[in-house]
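Report on the structure given below.
Note that the coordinates shown come from a computational prediction; the quantities given were computed from them, not determined experimentally. Chain letters run A, B, ... following the sequence lines, proteins first, then strands; residues in each count from 1. The figures that follow rest on heavy atoms only: side chains count, while hydrogens, waters and symmetry mates do not.
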Amino acid sequence: MYRSHYSKEISKKEYNSSVAVAGWVEDIRNLGSIAFLILRDKTGTLQLTILKKKSPELFEQLISLPRESVISVKGFCKENEKVRNGYEILPESVDVLSVAETPLPLGVVDKVEADFDTRLDNRVIDLRKPDIQAIFKIRNAVLATAHEYLRSQSFLEVHTPKIIASSSEGGTDVFKLRYFEKEAFLAQSPQLYKQSLMATGLDRVYEIAWYFRAEEHNTRRHLNESTAVDVEMAFIKDEEDVMKILEHLVHAMWKRAGECSEELEVLKKTVTVPKLPFTRVRYDDAVSKVQARKSPIQWGMDLSTEDERLLGDIMKEDGVDFYFITKYPLESKPFYTMPDGEKYSRGFDLECKGIEISSGSQRIHDVALLKERLKACGLDPKDFDAYLKAFRYGMPPHGGFGFGIERFLMELLDMNNIRECILFPRDRSRLTP
RNA sequence: GCCCCGGUAGUGUAGUGGCCUAUCAUGAAGCCCUGUCGAGGCUUCGACUUGGGUUCGAAUCCCAGCCGGGGCGCCA
């Protein structure tokens with residue numbers, strides 16, 4: 001066995017006994033007759049203290065290792081107050097498991113910063129840094145909470161096709177691919193499938209999966225491959241039922257992130273847990289608020305990036321970070337959104353500090369109305385036959401929402417680039433690693 | 001899709017026509033040092049995105065390409 005303990009697992013109990021530790025050689029400080037080797041594993045670092053007079057061969061072998069080589073060391077664990085961990089390991093034997101090439105394309109502990117692009121080109125090495133790993137440990141924690149919360153509310157986890165016959169909703173560009181003799185597309189969202197499932201009697205479903213968008217955008221807020229949490233629920237009275245689930249879900253995830261104190265510390269971030277319920281702002285009021293601050297927006301238009309930011313600032317003045325924008329104009333929402341009178345819809349967005357993190361709505365469940373709305377949106381109902389079929393034989397009132405996990409994390413951790421929140425980002429120009 | 005910006009050692013940079021045989025840091029290779037922890041000291045190594053052009057002279061100016069970053073739009 002190459003490892004008996006991780007660096008963090010060693011405490012007083014292990015002092016004055018033999019342990020096996022394994023990991024990456026982070027740094028070697030050679031003082032001539034004594035050398036210190038910093039070994040890094042998943043939990044942190046520890047120090048090997050190597051004395052030349054004790055074993056000249058072992059000394060020579062260890063100090064000549066290139067940084068980031070992988071080794072396993074058996075040694076004697078000794079208490080020492082001079083060392084940060086409170087202990088050091090005096091090595092007795094070493095297994096060199098992998099010798100790293102030099103020079104490193106990216107230093108793990110170098111004193112110079114690397115460009116983000118260089119980091120992504122060498123993402124595996126970049127991911128060795130504790131602060132980068134912390135992002136993904138928090139991602140793991142909040143997604144675990146999403147599963148737990150949704151299951152506690154009787155949601156069933158489902159997985160719908162990612163290779164689909166037609167674009168889900170129009171709007172965004174989709175990736176085309178060859179499917180034997182047919183043309184197919186990569187899913188941009190599970191929208192049509194999660195709605196179809198509402199006609200099955202499963203009533204409450206959620207899906208956490210990948211989606212693909214072929215938009216040639218080049219911003220720090222967009223990815224061409226991203227992951228999302230999607231929820232759909234039946235027998236709702238109106239969109240308020242959906243918003244309640246969403247706000248509790250977001251609250252639970254934010255709260256869980258706030259409990260990741262170790263990770264937040266290495267990231268030097270703080271998470272402020274929002275208060276429930278989130279403020280509801282009608283679209284009409286949002287428009288008047290930003291108009292009062294000289295935005296050129298007209299009623300009926302979507303809020304521009306600048307308008308959203310402005311509204312975020314206005315809400316912040318009242319101490320509000322999270323808020324719903326409700327009752328959007330019907331024409332600014334997708335065809336499946338339930339109308340609310342002539343002009344309005346039962347669609348909403350959830351905003352956090354001026355950035356949209358989720359959008360949802362009550363959906364149309366009446367097939368005639370759905371066809372009418374498809375036409376009004378310039379779409380041909382014939383292209384949606386398979387979807388419409390789910391509505392023809394008994395479809396309850398339903399609604400749902402979806403949000404991108406990377407966008408969510410970006411807001412949660414106040415990152416300035418969405419690519420920080422995904423292991424191997426796919427963007428306009430990046431297809432590797 | 002529209003617009004803006006950038007490309008100098010492995011990494012991060014200085015350099016805006018001659019003082020560049022290109023700065024500094026970091027790194028790598030080596031030497032000295034028994035308590036380092038951003039170790040220290042000394043030596044060495046290593047770069048101007050590509051192709052044209054202007055000029056006596058180009059890292060520097062112009063044109064084109066390649067590669068990259070960002071803003072807006074679209075969206076999540």
Side-chain angles (χ1 to χ4, degrees), chain A residues 26-39 45-54 59 63-64 66-68 78 80-86 88 90 100-122 125-126 168-174 188-191 210-230 301-309 332-334 349-352 355-360 401-411 416-419 421-422 427-430:
Chain A
E26 186 166 285
D27 194 20
I28 298 167
R29 291 186 278 273
N30 176 12
L31 277 67
S33 301
I34 186 170
F36 306 100
L37 187 153
I38 308 303
L39 191 72
T45 58
L46 58 78
Q47 175 176 296
L48 303 178
T49 301
I50 316 145
L51 288 161
K52 195 177 196 169
K53 68 176 182 194
K54 201 177 144 203
F59 187 89
I63 61 143
S64 57
R67 294 195 306 170
E68 295 304 315
K78 194 179 135 213
N80 190 334
E81 281 178 10
K82 279 187 270 187
V83 186
R84 284 213 177 114
N85 297 23
E88 61 191 348
L90 306 173
E101 286 180 28
T102 60
L104 296 166
L106 176 70
V108 177
V109 289
D110 282 5
K111 295 152 199 167
V112 289
E113 282 288 302
D115 286 345
F116 193 30
D117 199 45
T118 307
R119 290 176 41 210
L120 290 178
D121 281 339
N122 301 283
I125 300 177
D126 187 48
S168 302
E169 306 159 44
T172 194
D173 285 329
V174 292
Q188 64 169 101
S189 97
Q191 183 65 33
W210 281 261
Y211 301 102
F212 310 90
R213 296 180 189 210
E215 294 286 341
E216 295 189 27
H217 33 48
N218 197 335
T219 80
R220 55 202 176 83
R221 312 184 305 281
H222 291 89
L223 293 166
N224 292 290
E225 179 184 51
S226 69
T227 49
V229 176
D230 269 276
M301 290 162 63
D302 241 335
L303 276 74
S304 68
T305 305
E306 180 55 34
D307 291 330
E308 279 192 287
R309 208 173 290 141
S332 73
K333 285 287 168 189
D349 285 352
L350 176 60
E351 304 268 325
C352 170
I355 306 268
E356 180 191 324
I357 59 169
S358 176
S359 66
F401 59 84
F403 60 86
I405 294 165
E406 290 80 23
R407 188 67 74 77
F408 182 94
L409 279 170
M410 190 182 173
E411 275 312 295
N416 62 17
N417 195 314
I418 196 165
R419 281 165 268 218
C421 302
I422 189 162
D427 62 30
R428 178 67 187 85
S429 54
R430 184 173 290 281

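Side-chain N/O atoms of A/Gln47 and base N/O atoms of B/U36 include a donor-acceptor pair closer than 3.5 Å. Judged by distance alone, with hydrogens and angles left aside, A/Lys53 brings a side-chain donor or acceptor within reach of the base of B/U34, the pair sitting under 3.5 Å. Counting atom types as modelled, A/His217 pairs no side-chain N or O with a base atom of B/C72 as donor and acceptor under 3.5 Å.
A/Val83 comes within contact range of at least one nucleobase, with a heavy-atom separation under 4.0 Å. Within 4.0 Å of A/Gly404, counting heavy atoms only, lies no atom of the nucleic acid at all. Residue-level contact check: A/Leu51 touches the bases, meaning some heavy atom is under 4.0 Å from a base atom. Using a 4.0 Å heavy-atom criterion, one finds that A/Ala114 contacts the sugar-phosphate atoms exclusively. Within the 4.0 angstrom heavy-atom criterion, base atoms lie near A/Arg221. Nucleic acid contact for A/Asn30: base, since at least one base atom lies under 4.0 Å from a heavy atom of the residue.
Distance alone, capped at 3.5 Å, places no donor-acceptor pair between the A/Arg213 side chain and the A/Asn224 backbone.
An OP1 or OP2 oxygen of B/A39 is reached within less than 4.0 angstrom by a side-chain nitrogen or oxygen of A/Arg29. Between A/Arg84 and B/G38, a side-chain N or O to OP1/OP2 separation shorter than 4.0 Å is present. For B/G12, one of the phosphate oxygens OP1 or OP2 lies less than 4.0 angstrom from a side-chain nitrogen or oxygen of A/Thr118. The side chain of A/Arg67 contributes an N or O atom lying less than 4.0 Å from OP1 or OP2 of B/A28.
Side chains of A/Thr45 and A/Glu26: a donor-acceptor N/O pair is absent below 3.5 angstrom, by distance only.
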